[in-house]
Number of protein chains: 2
Amino acid sequence: MRTVFWQDGTVRLIDQTRLPSEFVILACHDWREVAEAIRTMKLRGAPAIGVAAAYGLALAARQSQAATPAALLADLEDAAAGLRATRPTAVNLAWALERMLRRALHPSPNRGGEGGEVAAIQTALLAEAEQMADEDVATNRRMGAHGATLIPDGARILTHCNTGALATVDYGTALGVMRTVHEQGKRLHVWVDETRPYLQGARLTAWELQQLGIPFTLITDNMAGHFMQRGQVDMVFVGGDRVAANGDTANKIGTYGLAVLAQAHGLPFYVVVPTSTIDLTIPDGAHIPIEERSPEEVTHFRGLRIAPDGVAAAHPAFDVTPQRLITAIVTERGIVRPPLDSNLRAIVEKRP
Amino acid sequence: MRTVFWQDGTVRLIDQTRLPSEFVILACHDWREVAEAIRTMKLRGAPAIGVAAAYGLALAARQSQAATPAALLADLEDAAAGLRATRPTAVNLAWALERMLRRALHPSPNRGGEGGEVAAIQTALLAEAEQMADEDVATNRRMGAHGATLIPDGARILTHCNTGALATVDYGTALGVMRTVHEQGKRLHVWVDETRPYLQGARLTAWELQQLGIPFTLITDNMAGHFMQRGQVDMVFVGGDRVAANGDTANKIGTYGLAVLAQAHGLPFYVVVPTSTIDLTIPDGAHIPIEERSPEEVTHFRGLRIAPDGVAAAHPAFDVTPQRLITAIVTERGIVRPPLDSNLRAIVEKRP
């Protein structure tokens with residue numbers, strides 16, 4: 001089962017806010033429902049929200065009443081703006097929407113076929129979204145194969161947030177690497193940060209690892225240093241939401257602290273991202289917009305208040321790990337080692 | 001209102017597991033109820049559990065049916081063993097019980113007065129517990145005065161767990177320092193780590209700061225590094241549960257990670273503890289027993305499961321911050337700076 005997919009003219013997605021207690025598939029009949037699902041984190045993870053937005057735009061094309069390609073493109077621009085505005089940090093969202101809009105301008109070699117130009121664009125956009133979904137899975141498997149070469153038998157790997165099948169269309173990024181290691185028959189043990197405030201680690205990563213049969217131990221985020229100090233962690237693997245041209249990486253809040261701890265203990269710190277997460281248009285992490293989410297997501301848990309009434313709370317959803325703390329970045333095109341600035345550019349600009 | 005006190009022949013304490021949603025005072029009629037309250041963290045904080053255990057032993061003396069001092073002392077040894085076994089890390093518990101048992105051996109200059117020797121011991125133990133409670137408050141105010149000299153006007157202080165009135169009989173240790181600064185009319189802003197899994201920061205520290213009118217922002221534990229990186233934290237103040245002879249300090253899980261982050265950002269890291277928390281009998285932190293609590297406290301929140309069924313979780317309740325990461329230790333007898341090993345011994349062994 002994929003995290004997000006097209007079925008019967010609707011975008012379907014697993015509602016991740018209900019996991020692990022309930023497994024619910026949402027059907028979105030309107031691109032605005034897709035946007036709302038992304039905004040409210042029913043679906044999250046940089047690769048997953050990129051593909052979901054692509055499907056959302058394919059849905060917007062079907063919803064449009066436009067009679068001409070120009071009118072349809074105007075509708076698509078509106079929908080893309082709405083989808084893009086949902087979450088600012090992950091670059092995959094903008095990347096996916098740009099790719100979809102380019103495709104809308106060049107729907108197919110045989111444009112103007114049956115149903116006319118508008119229908120051709122509608123068909124092309126769905127095909128493009130489906131292709132992006134397939135590519136995501138293939139990309140993740142390639143990252144898994146590259147990343148697995150970094151992991152010796154018996155490794156104890158600490159990870160943060162969820163970077164598994166649920167963060168992508170399927171298979172995962174950082175967790176996909178661990179999955180590959182497991183499929184190769186190597187032993188591993190995963191330390192799973194619960195990842196406050198949304199608990200993606202406790203709710204989603206634990207759930208995925210349990211299903212895969214990979215041994216793990218759930219910990220609160222503030223225990224990571226303790227287990228590193230005790231010599232029980234060999235390396236850290238995380239995903240990423242946006243990598244700047246110099247290698248600075250935005251990822252789920254708490255990642256930066258882990259990178260500092262990894263360095264203090266001499267542990268390798270690996271980031272696993274598809275090249276679509278690398279944003280060469282910004283020089284460094286200072287240019288990555290950090291999403292501020294509602295403080296209520298910190299003061300409440302599933303509607304239950306955990307702090308006194310009227311308390312001020314902060315909720316930056318991401319932080320930026322500077323490139324100097326990153327040992328290597330694993331992409332579908334290979335492992336990028338320092339100097340990250342020149343090597344990232346080379347791997348992104350190289351023809352796949 | 002004190003966190004723990006004697007009233008009408010019972011030990012009363014604020015049930016901190018119910019805060020901030022409910023304010024409930026428990027009345028313990030049996031020392032075993034006091035032990036259970038400590039074990040289940042209805043009352044926590046190294047100084048508070050020390051005094052609660054002392055009151056518990058005074059209660060045990062009242063409960064005893066012993067007709068002779070020797071029989072009473074045997075009952076007291078049993079009760080002390082039961083109280084001591086509740087939580088292994090904080091040394092204040094053992095310290096308080098030893099002091100009470102010494103007092104039982106030397107109840108008063110005029111021993112054997114009205115009611116005989118057994119009654120004299122009973123009276124002496126309650127007096128000793130009351131004196132320890134009073135001393136705790138006075139000690140905290142002295143630590144506050146010493147620690148306040150470290151804090152400039154407008155400081156932005158990050159703290160972990162709860163070190164306020166609720167962690168002591170009244171006033172607090174690290175939070176007591178901030179309270180003194182506030183009373184002195186200096187401005188300050190406190191970053192409050194929520195402190196998973198028990199949420200002492202979100203539930204207790206936020207509640208105390210709100211009542212004191214001290215400005216603060218609640219954050220999840222994994223946000224501390226982000227705000228340090230952004231230059232929004234000036235210093236870290238924490239309490240301690242046991243300080244070894246060389247200055248290594250056991251404190252609530254997550255403290256060690258904060259100390260590593262503080263050093264990486266060049267921020268001072270201060271520990272505030274009464275001298276009763278300093279254990280000169282052990283050379284370093286490797287000898288401090290780290291309490292392992294139930295994994296259910298990680299996988300559940302107020303009875304609500306937050307991780308899949310059957311998940312393995314770890315729950316070390318404390319970690320150890322090595323002395324090299326500690327800028328200074330604030331005690332009621334003054335501020336102890338490096339070299340901590342010799343300076344701690346000097347301040348503990350000096351006559352008060």
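Naming: A, B, ... by sequence-line order, numbering from 1 per chain. Hydrogens, waters and symmetry mates are skipped; everything else that's a heavy atom, side chains included, is used.
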Please classify the contact between [X] and chain B as side chain, backbone, both or neither, with a heavy-atom cut-off of under 4.5 Å.
X         : value
Ala314(A) : both
Pro308(A) : both
Ile253(A) : both
Leu304(A) : side chain
Phe318(A) : backbone

Produce the donor-acceptor pair table for chain A versus chain B, cut-off under 3.5 Å.
| residue | atom | partner | partner atom | Å |
| --- | --- | --- | --- | --- |
| Glu194(A) | OE1 | Arg196(B) | NE | 3.4 |
| Glu194(A) | OE1 | Arg196(B) | NH2 | 2.7 |
| Glu194(A) | OE2 | Arg196(B) | NE | 2.6 |
| Arg196(A) | O | Asn222(B) | ND2 | 3.0 |
| Arg196(A) | NE | Glu194(B) | OE1 | 3.4 |
| Arg196(A) | NE | Glu194(B) | OE2 | 2.6 |
| Arg196(A) | NH2 | Glu194(B) | OE1 | 2.7 |
| Gln210(A) | NE2 | Asp309(B) | O | 2.7 |
| Leu218(A) | N | Ala312(B) | O | 2.8 |
| Leu218(A) | O | Ala314(B) | N | 3.0 |
| Asp221(A) | OD2 | Asn222(B) | ND2 | 3.0 |
| Asn222(A) | O | Gly254(B) | N | 3.4 |
| Asn222(A) | ND2 | Arg196(B) | O | 3.0 |
| Asn222(A) | ND2 | Asp221(B) | OD2 | 3.0 |
| Gln229(A) | NE2 | Val320(B) | O | 2.9 |
| Gly254(A) | N | Asn222(B) | O | 3.4 |
| Tyr256(A) | OH | His265(B) | NE2 | 2.6 |
| His265(A) | NE2 | Tyr256(B) | OH | 2.6 |
| Asp309(A) | O | Gln210(B) | NE2 | 2.7 |
| Ala312(A) | O | Leu218(B) | N | 2.8 |
| Ala314(A) | N | Leu218(B) | O | 3.0 |
| Val320(A) | O | Gln229(B) | NE2 | 2.9 |

Does any heavy atom of chain A fall under 4.5 Å from the side chain of [X], the backbone, both, or neither of them?
X         : answer
Ile290(B) : side chain
Ala206(B) : both
Ile306(B) : both

| field | Top of Ile219(B), Leu261(B), Val298(B), Val311(B) for chain A proximity - count of heavy-atom pairs under 4.5 angstrom | value |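 Most heavy-atom pairs within the cutoff with chain A belong to Val311(B).
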| What residue, out of Ala202(B), Gly225(B), Pro197(B), has the most heavy-atom pairs lying under 4.5 Å from chain A? |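 Winner by heavy-atom pair count: Ala202(B).
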